[in-house]
S.K.: 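One structure, pasted below without further comment.
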Amino acid sequence: MSYTALYRKWRPKSFEDVKGQDHIVTTLKNQIQSGRIGHAYLFCGTRGTGKTTVAKIFAKAVNCENPHDGSPCNECASCRAIQAGAAVNVVEIDAASNNGVDNIREIRDEVRYSPADGKYRVYIIDEVHMLSTGAFNALLKTLEEPPSYVIFILATTEVHKIPVTVLSRCQRYDFRRISNEVIASRLRQLTDGEGAQCEEKALTYIAKKADGSMRDAISLLDQCMAFYYGENLTYEKTLDVLGAVDHTLFYKLTDGILRRDISGCIYMIDEIVAQGRELGQLVSDLLWYLRNLMLLKASDMDADALEMSAEEIEELARLAVRTDTAVVMRCIRNFSELSGQMRYAADKRVLLEMTIIRLCTPSLDQSYEGILQRLESLEQMVKSGTVILQAGETAAPEGNSGSDRRQEPAVQPDGSHDQDENMVRVRRDQKEVLDTLSAAWPDITGRLKLAARAALKNTYIKMTGDGTVEIVFVRPEDFLVGNRPAVMNMVGQIVQERYGVCPTFRGRLENPGETSTSTRYATDEEIQSVFNIEIISEQEDI
């Protein structure tokens, strides 16, 4: 015997089995009990919410020989025939493939004959919005004044395409999206009935993934159970089958964007691609995560309203404290545009990485929101005293600065200050290392491998007060490739082999207005000779 899909096997057979549409079920049951049955119904709503299922149950109920509280008994000959699809009195028509005038004329000719068995002849027209204009016009008169034994049930997912003349002749019932809790509960009933073992967290995720559609949820469950047949269906296994990622990655990725950690975000994308995840679905899920962050930040939303667990709400709260609503809205707008572009993109990964770099580097974003974010960052730096603006000096964006210290103006031999330069205090041996590496930098970068050599071709080096050598990248795309631990280790190995020194290397992007000569390095002896003061270190180097 051939296998029957779960959504067909577990399709509700009575009104009591229908979940999430109580407002419609109660109304139809009351009509059947009171005998106030209409002649035309319009069932509209999103896919998989039970429109066709309720129509078939209603067709069984009006023809049932022994109804119970408005529901069919599913035991009489009429109910069994309708359930098996062999009843002559119940006709189901697919308007997508039978949308012409001739098809409607056949219906109009058939309704003149009373049902051979049962009380009513029921016509269920699915996807009725696909009917042509001529077909709708041919249906109007019959729909308005059908024989007393005829019931029309029209089902559609796009009610706005139905002519007003048809709408006015029908009782309209709007099927709502089913909540995640109701879907998860129904999935638990199915798994128990099938004797399958599934984690509650896995069922909750499938319910959320279905987006209010019971049929989609059951189909996804069927897919996951087929892949891990006979095994316990865990949350991690569900993510593997559906090509999704854990919510903790959304937290890390959002946190990396807010901290402007370009390399960290790119590494996460690389890991996601290596796991075979679908990038389009990643962006869609990330948009939903950012939406919840925005609502939590802008208003007092609880876990039920956001449809998230307490653990996820706690993560969102940590992010909400450190960010601004405008920043989150900027991220949502960029990822929304990306979601539309990825549908037709040849390489989705490149578009995703470009968007992340733009979000982490506001200077690359020329939009209104990007400019506002740069202005707010500068204001915060000035208020906190982290950056002091001087003539010829530009504030560095947060996250791109090579050091957290405040830099003083350079000191000239005559005691004057050069306002276009920054002074960094270094030891004599550190300055000698910097001079050596600066002179040999073209030779060092030329010994790297292909991609690394190209990325470091236009770079230059500087040194911080703690002796760390900074590789300054002029272009963000070079920084993306060159600022990898493997590349930094390769540079350190070449320097150690050829020059016998082992400094710590670190990459960063060039600050606005910065040049290779905009920093002056001074030893303690040079500072003493200029200011005629004695410098005492707070802690001697060991």
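Just so it is clear, the values below take in all heavy atoms, side chains as well, and ignore hydrogens, waters and symmetry mates. All values derive from a computational prediction rather than experimental measurement.
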S.K.: If you take all heavy atoms of A207 and N180, which pair is closest and at what distance?
M.R.: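 Scanning both residues, the minimum pair turns out to be O-OD1, 3.3 Å.
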S.K.: Heavy atoms only: give me the nearest G45-T49 pair and the separation to one decimal.
M.R.: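 Reported closest heavy-atom pair: C-OG1, 4.4 Å.
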S.K.: Checking the side chain of S219 only, and the main-chain atoms of R215 only, is there a donor and an acceptor separated by less than 3.5 Å?
M.R.: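 Confirmed, S219 side chain pairs with R215 backbone.
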S.K.: Is a salt bridge present between K431 and D435, judged by a nitrogen-to-oxygen distance below 4.0 Å?
M.R.: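 Answer for the salt bridge query: no.
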S.K.: Quick test of your reading: applying salt bridge (charged side-chain N to carboxylate O under 4.0 Å, His left out), list the pairs with at least one residue in residues 222-238, sequence neighbours left out, ordered by first then second residue.
M.R.: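 Matches after skipping sequence neighbours: E231-K237.
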S.K.: Applying salt bridge (Lys or Arg N to Asp or Glu O under 4.0 Å), name anything that partners R349, two or more places apart in sequence or on another chain.
M.R.: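 In terms of salt bridge (Lys or Arg N to Asp or Glu O under 4.0 Å), with neighbours along the sequence ignored, R349 is linked to D270, E353.
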S.K.: So for atom CE, which belongs to M354, do other residues, nucleotides or ligands contribute more than 12 heavy atoms lying within a distance under 6.0 Å?
M.R.: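 Atom CE in M354 is not crowded, with 12 or fewer foreign heavy atoms closer than 6.0 Å.
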S.K.: Using the salt bridge (Lys or Arg N to Asp or Glu O under 4.0 Å) criterion, which residues pair with K9? Sequence neighbours excluded.
M.R.: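 So K9 forms a salt bridge (Lys or Arg N to Asp or Glu O under 4.0 Å) with E194.
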S.K.: Just how far is it from atom CG of L221 to atom SG of C198, taken to the nearest 0.5 Å?
M.R.: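 Rounded to the nearest 0.5 Å, the CG-SG separation comes to 5.5 Å.
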S.K.: Quick test of your reading of the model: are E497 and R447 salt-bridged, counting only N-O distances below 4.0 Å?
M.R.: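 Salt bridge absent between E497 and R447.
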S.K.: Begin with the C-alpha distance, continue with both residues' side-chain angles, and end with the deciding distance and a verdict on salt bridge (charged side-chain N to carboxylate O under 4.0 Å, His left out) for E514 and K462.
M.R.: CA-CA 11 Å; E514 183 181 9; K462 292 191 175 184; 3.0 Å; yes
S.K.: I need the full list of side chain to side chain donor-acceptor pair (under 3.5 Å) pairs touching residues 337-348, with sequence neighbours left out, sorted by first then second residue.
M.R.: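 Only E278-K348 qualify under side chain to side chain donor-acceptor pair (under 3.5 Å).
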S.K.: What are the two closest non-hydrogen atoms of V469 and I461, and how far apart are they?
M.R.: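 Smallest heavy-atom distance, with atoms named: CG1-CB, 4.0 Å.
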S.K.: Checking the side chain of T238 only, and the main-chain atoms of T234 only, is there a donor and an acceptor separated by less than 3.5 Å?
M.R.: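 Present.
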S.K.: Quick one, K51 with D126, criterion salt bridge (charged side-chain N to carboxylate O under 4.0 Å, His left out). Give me CA distance, side-chain angles, the key distance, then yes/no.
M.R.: CA-CA 9 Å; K51 298 184 297 297; D126 202 6; over 6 Å; no
S.K.: Taking side-chain hydrogen bond (donor to acceptor under 3.5 Å, both in side chains) as the test, write out the residues that go with Q223, two or more places apart.
M.R.: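 Testing Q223 for side-chain hydrogen bond (donor to acceptor under 3.5 Å, both in side chains), a comparison that skips the adjacent residues, returns none.
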S.K.: Can you pull out every ring-ring contact (aromatic ring centres under 6.0 Å, His included) where at least one residue sits in residues 474-511? Sequence neighbours excluded, please.
M.R.: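 Applying ring-ring contact (aromatic ring centres under 6.0 Å, His included) to every pair that reaches into residues 474-511, excluding sequence neighbours, yields F473-F479.
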S.K.: Can you name the nearest heavy-atom pair linking D261 to G264, along with the distance?
M.R.: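 Minimum heavy-atom contact is OD1-N, 3.1 Å.
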S.K.: For F335, what residues pass the ring-ring contact (aromatic ring centres under 6.0 Å, His included) criterion, not counting sequence neighbours?
M.R.: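 Residues passing ring-ring contact (aromatic ring centres under 6.0 Å, His included) with F335: none at all.
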S.K.: Quick one: pull up SG in C331 and CG in L253 and give me the separation to the nearest 0.5 Å.
M.R.: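 Result: 9.5 Å between the selected atoms.
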S.K.: I would like to know whether D478 and L456 meet side chain to side chain contact (heavy atoms under 4.5 Å, CB included); could you show each step before the answer?
M.R.: CA-CA 7 Å; D478 292 339; L456 271 67; over 6 Å; no
S.K.: Which residues pass the salt bridge (Lys or Arg N to Asp or Glu O under 4.0 Å) test with E200, not counting sequence neighbours?
M.R.: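 Per chain and number, E200 pairs via salt bridge (Lys or Arg N to Asp or Glu O under 4.0 Å) with R188.
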S.K.: Verify, without hydrogens or angle tests, whether E199 (side chain) and Y235 (backbone) share a donor-acceptor contact under 3.5 angstrom.
M.R.: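 Here the side-chain-to-backbone pair exists.
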S.K.: Test of understanding: with side-chain contact (heavy atoms from CB on, under 4.5 Å), list the residues that count as partners of A320, not counting sequence neighbours.
M.R.: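 A320 satisfies side-chain contact (heavy atoms from CB on, under 4.5 Å) with L293, K297 only.
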S.K.: Of all the heavy-atom pairs spanning A210 and L220, show the shortest one and how long it is.
M.R.: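 That would be N-CD1, 4.4 Å.
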S.K.: Going through the distances and angles, do C502 and V495 end up as a side chain to side chain contact (heavy atoms under 4.5 Å, CB included)?
M.R.: CA-CA 7 Å; C502 304; V495 170; over 6 Å; no
S.K.: Under the side chain to side chain contact (heavy atoms under 4.5 Å, CB included) rule, what do E181 and R186 come out as? Steps first, then yes or no, please.
M.R.: CA-CA 9 Å; E181 292 77 11; R186 178 62 175 172; over 6 Å; no
S.K.: Checking side chain to side chain contact (heavy atoms under 4.5 Å, CB included) for the pair L286/T254: CA distance, chi angles, key distance, verdict?
M.R.: CA-CA 8 Å; L286 182 59; T254 304; 3.7 Å; yes
S.K.: Hey, does the side chain of R453 reach the backbone of L448 with a donor-acceptor pair shorter than 3.5 angstrom?
M.R.: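 It does hold such a pair.
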S.K.: Would a distance-only check, ignoring hydrogens and angles, find a side-chain to backbone donor-acceptor pair under 3.5 Å from T468 to T464?
M.R.: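 Absent.
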S.K.: Out of curiosity, F250 CZ to W288 CH2, how far, rounded to the nearest 0.5 Å?
M.R.: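 One gets 12.5 Å once the value is rounded to the nearest 0.5 Å.
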S.K.: Which residues pass the side-chain contact (heavy atoms from CB on, under 4.5 Å) test with Y267, not counting sequence neighbours?
M.R.: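 Listed in chain order: S263, R484, P485.
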S.K.: Among all residues two or more places apart in sequence or in another chain, which pass the side-chain hydrogen bond (donor to acceptor under 3.5 Å, both in side chains) test with N232?
M.R.: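 With neighbours one apart ignored, the set is empty.
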S.K.: Quick check for you: to the nearest 0.5 Å, what is the distance between C360 atom SG and L509 atom CG?
M.R.: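 With rounding to 0.5 Å, SG (C360) is 10.5 Å from CG (L509).
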S.K.: Under 3.5 Å, is there a donor-acceptor pair linking the side chains of D285 and Q281?
M.R.: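 Their side chains do contain a donor-acceptor pair, which is all the 3.5 Å distance test asks for.
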S.K.: Kindly say whether L187 contributes a backbone atom to a donor-acceptor pair with the side chain of T191 at under 3.5 angstrom?
M.R.: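 Flag set: sc T191 to bb L187 pair under 3.5 Å.
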S.K.: Quick one: list whatever passes salt bridge (Lys or Arg N to Asp or Glu O under 4.0 Å) with K161, sequence neighbours left out.
M.R.: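 Salt bridge (Lys or Arg N to Asp or Glu O under 4.0 Å) check on K161 returns E158.
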